[in-house]
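Report on one structure; see the data block that follows.
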Amino acid sequence: MDVAAERFRPTRPGSREAMERLQAEIAAEATFEDAAGVTPADVHSGDALVAGVDQAFLDDRAVSAVVVLRGGEVIARESAVTPLSMPYVPGLLAFREGEPIVAALEALDVDPDLLVLDGSGRIHYREAGLAAHVGVCFDVPAVGVAKSLLCGRPRRATDALEAGERVPIEADDSMSAPEETVVGHAYQSRQYPDSTRINPLYVSPGHRLAAGTATDLVAACGGEYKLPRPTRLADRYADELKTGR
DNA sequence: GCGACAG
DNA sequence: ATCTTGTCGC
């Protein structure tokens, strides 16, 4: 697939200020409402191609793995390795992991209808998390799936949720969005029958999706584990590339 | 100064 | 994210 807007390519700008300015542009360019056509039904039927993306690290390099699914079946895989240009900084993840991700996606011969990224989308200080950055860069519907919450506040307690339940995540005063704007959801993809609790996933739209639809799509991706199938497979592939099978 | 902080 | 043994629970 091809980058739609070269100016949004996540390469490391000179300063933190420059990176934050670019994120403000990303957020302004991102659409946080349904504007693409990809529906949960399309994901189920196989009418939509879903790409799961995840990274693994080796010393000073990052390896990004992409797995494309059509109705739960793997139809393509790609990967890319690039040197790390900066350390992990909360709020600037896209500038650390974006280069290998974009490179791996560019190597794809097919064009996914939905990108599922490991990290936040709109749940971000400037509403420009990894999923928004990559989604806007390719101008493709994207959703972010994080294992922990970067910012924002759950509308109610998120412990003891049943499988399938979701709780809105509202913007707090650390974010650019008006307070209480629903920027994503805590989504309980899996849960044990009793005692032991599994933490929920934090799903947020990256581009061309409303918060509710983003979560519906992740649910439609399925999977036997906590992470949605596309992400789980990309995670395994990345680890496979890192070690050597 | 204190607390919070995707991967 | 990554480094890792043991350990709790279905």
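To find a chain, count down the sequence lines: A is the first, B the second, and so on, and within it residues start at 1.
In A:Glu180, the CD atom is not crowded: 12 or fewer heavy atoms of neighbouring residues, nucleotides or ligands sit closer than 6.0 Å. No more than 12 heavy atoms of other residues, nucleotides or ligands lie within 6.0 Å of CG in A:Asp109, so this atom counts as exposed by the packing criterion. The neighbour count for A:Arg12 CZ, taken as heavy atoms of other residues, nucleotides or ligands under 6.0 Å away, is above 12.
Regarding contacts with the backbone of C:dT2, a side-chain N or O of A:Lys242 is found under 4.0 angstrom from either OP1 or OP2.
Atom CG in A:Leu92 sits about 16 Å away from atom C1' in C:dA1, given to the nearest Å. The interatomic distance linking A:Leu93 (CG) with C:dA1 (P) rounds to 11 Å, in whole Å. A:Lys147 has its NZ atom 13 Å from the C1' atom of C:dT2, to the nearest Å. Regarding A:Arg96, its CZ atom lies at a distance of 11 Å from the C1' atom of C:dT2, rounded to whole Å. Rounded to whole Å, atom P of C:dC10 lies 15 Å from atom CZ of A:Arg190.
Between A:Glu73 and A:Arg229 there is no salt bridge, since none of the side-chain N atoms of the basic residue sits less than 4.0 Å from a carboxylate O of the acidic one.
Counting any heavy atom pair closer than 4.0 Å across all strands shown, A:Gly91 reaches a base atom. Nucleic acid contact for A:Phe95: none, since no nucleic acid atom lies under 4.0 Å from a heavy atom of the residue. Heavy atoms of A:Leu201 sit nowhere under 4.0 angstrom from any nucleic acid atom.
Bounding nucleotides for the chain A contact on DNA chain B, 5' to 3', at a heavy-atom distance below 4.0 Å, are B:dC5 to B:dG7.
Using a 4.5 Å cut-off on side-chain heavy atoms (C-beta onward), A:Glu179 and A:Asp173 make contact.
Taking the ring centre of A:Tyr237 as origin, the terminal cationic atom of A:Arg77 falls inside the region bounded by 6.0 Å and 45° from the ring axis.
In terms of modelled atom types and a separation under 3.5 Å, the side chain of A:Arg155 and the main chain of A:Val167 share no donor-acceptor contact.
Evaluated for a side-chain contact (heavy atoms from CB on, under 4.5 Å) with A:Val136, the options A:Glu29, A:Arg208, A:Glu25 yield exactly one hit, A:Glu29. Of the candidates A:Val203, A:Val50, A:Val43, A:Val143, A:Val43 is the only one forming a side-chain contact (heavy atoms from CB on, under 4.5 Å) with A:Leu217.
Residues from residues 148-164 of chain A that place a heavy atom under 4.0 Å from any atom of DNA chain B, listed by number: A:Ser148, A:Leu149, A:Leu150. Listed by residue number, the members of residues 53-63 of chain A with any heavy atom below 4.0 angstrom from DNA chain C are A:Ala56, A:Phe57.
A distance of 10.0 Å separates CG of A:Leu84 from CD of A:Gln55, quoted to the nearest 0.5 Å.
Under the 6.0 Å cut-off for aromatic ring centres, A:Phe32 and A:His207 do not qualify, their centroids lying 6.0 Å or more apart.
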